[in-house]
Novice: 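Below is a structure I'd like to ask you about.
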Amino acid sequence: MLGYVLRRLLAAIPVLAIVAVLVFLMLRLTPGDPAAVIAGDNASSEQIAQVRSKLGLDQPLPAQFAIWIGNLATGNLGESFFFKKSIGELILGRIEPTLSLAAATMLIAVCLAIPLGVVAAYRHGSWLDRIVMGVSVLGFSVPVFVIGYLLIYIFAITLGWFPVQGYQPLSGGLGGYLHRLVLPSLTLSVVYIALIARMTRASVLEVLNEDYIRTARAKGQVERKILFRHALKNAAVPIVTVVGIGIALLIGGVVVTESVFAIPGLGRLTVDAVLARDYPTIQALILMFSGVYVLINLLIDLTYSLFDPRIRH
């Protein structure tokens, strides 16, 4: 197992290297000049040239790339053009809201979607199954920002149960921390509830037709035990895959949700960096997100072996 993990980690190095090259070139070759953004609308061409020289943007692309890779090799992510701070410091200051939102979203999605999917498969063809599948289709169809504004209008503006926007750190109190996470987490979890519920239903429905399920029923085992111990366990591999993909897709969902609810996380930082043409910050964030994606794929593969020992061999 350890050898397998090491091989996967080594295989991730060229993937991240290709991502680094592509991100660097895409940012440099797209229209727009961060020096002009930083200098301001009223800056002269001489002032813009001075800013460009100060940022090192007047150097050839190979030299800029070599400097960036050299800094990465020493653990230095560089300094933000726009925020005038260390990128590592920026990320550390913004990571708590994003991790909190992602964890709460997946917790809500998994706790609701898997039981709904199992029940829908067990009651296949019933009104309950149709309701679950109908809600799943609706969850796929409606954009995240529309759900966010709808929940804000109902629960924040009309009923006044939750704040409209903002985030409170955990250090400011558990109650306020959880209170401000409810609406963003529900907003982002809708699409993942739909995704996981549909996959759970399809996987469990397929397993329920297997011979060992009929054998368990013939032995007189309780239906709840058959569903959750035999059917769900054997249907877990595709469900784990979807949950892992959902965690990876959270990167895009977090950007939209944090913008809607004014949460100062990594998603909001990404938007601000893109608008300001902040090359070092964008490069560091995309590279970090790519590393997280690779790590999630590795964890998914390791989780497979827990449910199906044959995968280990």
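This is a predicted model, so every value here is computed, not measured.
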Novice: Under 3.5 Å, is there a donor-acceptor pair between the Y167 and E96 side chains?
Specialist: yes
Novice: With side chains defined as the heavy atoms from C-beta onward, is the minimum distance between V260 and T187 less than 4.5 Å?
Specialist: no
Novice: Would you indicate whether the side-chain heavy atoms of D272 and R268 approach each other to under 4.5 Å?
Specialist: yes
Novice: Measuring only between side-chain heavy atoms, which start at C-beta, is F145 closer than 4.5 Å to T257?
Specialist: no
Novice: Got E258 and V271 here, is their nearest side-chain heavy-atom distance under 4.5 Å?
Specialist: no
Novice: Do Y177 and S100 have side-chain N/O donor and acceptor atoms under 3.5 Å apart?
Specialist: yes
Novice: Hey, are the side chains of V142 and V190 touching, using non-hydrogen atoms and a 4.5 Å cut-off?
Specialist: no
Novice: Is there a donor-acceptor contact under 3.5 Å from the side chain of R201 to the main chain of V118?
Specialist: no
Novice: Assess whether side chain to side chain contact (heavy atoms under 4.5 Å, CB included) is satisfied between M106 and I196, documenting all intermediate values.
Specialist: CA-CA 10 Å; M106 293 312 298; I196 297 170; 4.2 Å; yes
Novice: If you define the side chain from C-beta out and look only at heavy atoms, does anything of L266 sit under 4.5 Å from V254?
Specialist: no
Novice: Say whether L101 and L107 are linked into one hydrophobic cluster, either directly or through other cluster members, by side-chain heavy-atom distances under 4.5 angstrom.
Specialist: no
Novice: Evaluate the ring planes of F24 and F65, with Trp represented by its six-membered ring, and classify them as parallel (under 30°), tilted (30 to 60°) or perpendicular (over 60°).
Specialist: perpendicular
